[in-house]
Every structure is written in structure tokens, then in C-alpha cells.
Amino acid sequence: MMNDVDDLSSTTPGASSGNVDPCAELRGKRILLGVTGGIAAYKAAELTRLLLKSGARVQVVMTGAAMRFVTPVTFQALSGEPVCTDLWDAGVGNNMAHINLSRDADAILVAPASADFLAKAAHGLADDLLSTLVLARECPLLAAPAMNRQMWENPATQRNAQSLRADGVELLGPACGEQACGESGAGRMLEAQEILEALIAFFQPKVLAKKKLLITAGPTFEAIDPVRGITNLSSGKMGYALARAASEAGAEVTLVSGPTALAAPPGVLRIDVVSAAQMYEEVMRRAQDSEIFIAVAAVADYRPAHPASEKLKKDEREGVPPLIELQLNPDILAEVAALPRPPFCVGFAAESRNLAEYAARKREAKKIPLIVGNLIQDGLGGENNALTLFDAAGAHPLPPGPKIALARALVAHIAKLLS
Ligand code: PMT
């Protein structure tokens, strides 16, 4: 039974103890990083650094071809561990480096993964340390392909990629774009940061697997004339963090976003809108088909009733300040909650004071099961926030932290309420 005020700090990664870095999203994970022969091997050095920064322990294994591009010294210096390169290393006590290494990992990540490596892994070939430990693995395998576009598009490589996916191997990318050989197309390795985020997502519990989830995020912009309008300071970061956390948890996420400078999280379908009226249209079109609706957007309550089609001129008004007549916008969240078969609705309330009182009032007025309160001084615009969740069982404060960590805790709470 929950108390009136129930502290959910244990569900917030890194938030339960003051001396833990909440951004260390791979804390305690042992990652075996396989590096194969390709020009993108240099990017694996940056990836090693990012993995370590995220709290992972990294053991690098290089193929002979990889060592033609980058030396093991680079990876040893970065990871702080000797790099393994030899299946026949006499220095390994039981002479079974392939077994020891694969048993010691939470995941094997191969980046870059050459066409040759994919072919070997798809066919179960084991003729060097990396391919042998991959065959002997008991842990998940993720691979970031990197090769010339023709090599990637070759039917043989496509068959191998398909077999690997069917075997449960997670292929990350490849990306499209300019290649080291001067050609352009699909085959570039994802950037190190993208690979890191995909690995973090891979480890998140799939508590919303296959759920259809609709989110609004960012501000709206209500036109006064073609160049001016009414908007607010929402950056979209909280809503985008939630979209990412929900997608990591296995949900099919559609993000209806007001104007922001942010990129959509991987795997999230983003619909761009400008005004509250457009946001309303896009949300209502999809709401009945969604299982969960989270309204994070800072939607303008009013819009100019008669936006001018030409730019308003100061001199035409002879010094009289213009009066802008306002008209009420639809309350998107309240209308979704009032549908005959509404999705599970989650609202947000940003207040500058009296958070508990105002948030509880909004939850009742909009007739929704869960509202998330935050103070604008904590959450508007920045990377961090502090949330309190208000539901039928009472108030559940989450400790302050990065928006992505809070978003994951909120996703866990929603999943708990749904189950
Ligand atoms: O974007 P960031 O910089 O990361 O900042 C995040 C945030 C502070 C904007 C976010 O965490 C937040 O609190 N969003 C809700 C803002 C707010 O207070 O909205 P409100 O009180 O006007 O509305 C309450 C709820 O109704 C919200 O879920 C809102 O999306 C929804 N609403 C409001 C008006 C309207 N016409 N339609 C709506 O759906």
C-alpha cells in the first residue's frame, strides 16, 4: 500500500545515493567491444571513451585487420585494460580466451562490424579470437556495420544481415552519407554517440513493449501576423526525453511536437506542428488509436482571434498600442480524456508555487489518472528537472536529476499503474 507521499527515488537511476553519477547509464555493465578492420575503427576509440564515461567496464578485442587501422595501444590507453587480439595467447592460463572473454560480458558490441565479420557471424565461422568468442557467447550481440555502399547492398551481405537479425543479433545502422572511399550511400558506421545511445536503450527494461503511445512536447506558437506570435519558453527537452524513454521501453511512440531545435529520438515518429489548433488536430486524429497519451507540451491557452495576413505596421496605428483580441484554444488533454474509450492519460503541470494544490486541481479538472507536477524554476528549458507524480494513491516525489533519468522513472510508474 502506498503512502500519501511515496518516494520513488529507488526507481530513478542514480538518484538514490548522493554520490552516484545519474548519467552513468551503463554503470556496472561489462561490455566486450569488438573492433574489426575498417576505416571506422578510429571511431571505436571515441566509442570506448563514451562507454567508460557512461560507467561501463570495457574489454577491447581487435581483429588482425583492425590493427592495420588503429593500434591496440590506443584502446589499452583508453580502456585501461590490455587489448586481446590472439586466439592462441599462451599467456591465458587455460588457453581459452574466447570462453573466458565471452562469459565475462553483459553484451558484445562489434563496432565497426565489417562485411567479413557479418559473414562469419552469420555462418558460424570461427577462425580468429573475435569470431570464436562471438560463436561461444551466452550474452547478447550488437553490431554496427561499416563498409562501402556496394558491399552493404550486395545480396550476400543483405542475406547475412537478415540471418543475423533472425538469430536475435541487434544491428545498429548503418547510416547513409558520404563514405571514406568518396562514394555516398548506406554503409557508414553510426556515430559513436548514436551507438552508445542504442546500447543504453538495449539495456532498458521493455515495460511498455508494443504499447502505442502518443506524446505532445514543446511550446506552441500562436500567430499575431506573419512574423509575430505568442509562445513560451518550453524547450521540448522533457517531452523528447519521455519519447526516448518510452521508445527504449519498447513502446511505438508518436511525438507531436511544437517548434523546437531538438532531433527526434531514434525510432520515434515525429509530427511537427506550430499552433495549438494544429496540435489538437494531429492529436485527435491519433488519440483513439493510442493506448497511452502523455501531454507534456506547454500549449497556449489562448490565440489571437484575428491574425493579420500582412505584417502589422506601427505607423498605421498612429501611436495607439494595438489591442489583440484573444480566443480560447481547445484543451487537448481534457478532450482526449473525455473520449468514449480514452487512452491512459498523463498530464503535466508547470507551476511557480503551490505545486501540489494546483497539480491536484488540474488532475481533477481534466479527469485524468496521473498528473506530473514540476516547478518552472526546476524544469523549464534546462537539462534537469524535479518531478512529483500525483495519482489516486497520492503524491510520489522523484529526486532531482537529468530529464532522461526522470523520464525513465515516469515510464516505470506508468507501466506499474497499467499493470
Ligand atoms: O520543454 P521543457 O523546457 O523541457 O520544459 C518542460 C515543461 C516545464 C514545459 C513540462 O515539464 C511541463 O510541465 N509541461 C506542461 C506545461 C503546463 O503547465 O501546462 P498547463 O498547466 O497549461 O496544462 C496542463 C496540462 O494540460 C498539460 O499536460 C498540457 O499539455 C495540457 N494542455 C494545456 C492546455 C491546452 N490547451 N491543451 C493541453 O493539452
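Worth knowing before you read on, the calculation uses all heavy atoms, side chains too, and leaves out hydrogens, waters and symmetry mates. We count ligands from 1, going down the list as the structure has it; atoms in each ligand are counted the same way. Since the model is a prediction, treat every value here as computed from it, not as a measurement.
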Quiz item: Which ligand 1 atoms are under 4.0 Å away from a heavy-atom of Val299?
Solution: 34 (C), 35 (C), 36 (N), 37 (N), 38 (C)
Quiz item: To which protein heavy atom is atom 14 (N) of ligand 1 closest, and what is the distance rounded to 0.1 Å?
Solution: Val296 O, 2.9 Å
Exercise. Find all atoms of ligand 1 within a distance of less than 4.0 Å from any non-hydrogen atom belonging to Asp331, and give their numbers and elements.
Key: 35 (C), 36 (N), 37 (N), 38 (C), 39 (O)
Practice problem: Nearest heavy atom to atom 20 (P) of ligand 1 wins, so pick from Lys237, Lys362, Lys403. | Solution: Lys362
Quiz prompt | Sidechain N-carboxylate O distance under 4.0 Å for Lys43, Glu46 | solution = no
Quiz prompt | Numbered atoms of ligand 1 (with element) below 4.0 Å of Ala295, judged on heavy atoms | solution = 27 (C), 28 (O), 30 (O)
Exercise. Assess whether side chain to side chain contact (heavy atoms under 4.5 Å, CB included) is satisfied between Val110 and Leu142, documenting all intermediate values.
Key: CA-CA 6 Å; Val110 180; Leu142 299 92; over 6 Å; no
Quiz item: Is ligand 1 under 4.0 Å from a heavy atom in the side chain of Val372, in the backbone, in both, or in neither?
Solution: neither
Exercise. Please could you name the atoms of ligand 1 that Ala297 approaches to less than 4.0 Å, counting only its heavy atoms?
Key: 15 (C), 29 (C), 30 (O)
Self-check item: ligand 1-proximal atoms of Lys366, by part, heavy-atom distance under 4.0 Å
Solution: side chain
Quiz item: When you measure from atom 31 (C) of ligand 1 to each heavy atom in Asp378, Leu333, Val336, which option holds the nearest one?
Solution: Leu333
Quiz item: Would you call Asp104 and Arg57 a salt bridge, taking side-chain N to carboxylate O under 4.0 Å as the test?
Solution: yes
Exercise. Just jot down the ligand 1 atoms closer than 4.0 angstrom to any heavy atom of Gly381, in number order.
Key: 2 (P), 3 (O)
Exercise. Within a distance under 4.0 Å of any heavy atom of Gly347, pick out the atoms of ligand 1 and give their elements.
Key: 28 (O)
Exercise. Provide the closest heavy-atom pair for Ala295 versus Thr216 in the form atom of the first, atom of the second, distance.
Key: CA-OG1, 3.3 Å
Quiz item: Evaluating non-hydrogen atoms only, which member of Met238, Glu335, Arg363 is closest to atom 6 (C) of ligand 1?
Solution: Met238
Quiz item: Where do Leu118 and Met147 land on the side chain to side chain contact (heavy atoms under 4.5 Å, CB included) test, with the steps shown first?
Solution: CA-CA 11 Å; Leu118 296 182; Met147 65 200 73; 3.8 Å; yes
Quiz prompt | NZ/NE/NH1/NH2 to OD/OE distance under 4.0 Å, Arg408 and Glu248 | solution = yes
Self-check item: Option among Ile31, Ile108, Leu32 that satisfies the side-chain contact (heavy atoms from CB on, under 4.5 Å) test with Cys139
Solution: Ile108
Exercise. Return yes when atom CD of Gln162 has more than 12 non-hydrogen atoms of other residues, nucleotides or ligands closer than 6.0 Å, and no otherwise.
Key: no
Quiz item: Tell me, which protein residue and heavy-atom name are nearest atom 24 (C) of ligand 1, and how many Å apart are they?
Solution: Phe348 O, 3.0 Å
Exercise. Show which atoms of ligand 1 fall inside a sub-4.0 Å distance from at least one heavy-atom site of Pro330.
Key: 35 (C), 36 (N), 37 (N)
Quiz item: Quick one: which ligand 1 atoms are inside 4.0 Å of a heavy atom on Asp301?
Solution: 34 (C)
Quiz item: Do NZ/NE/NH1/NH2 and the carboxylate oxygens of Asp289 and Arg286 come within less than 4.0 Å?
Solution: no
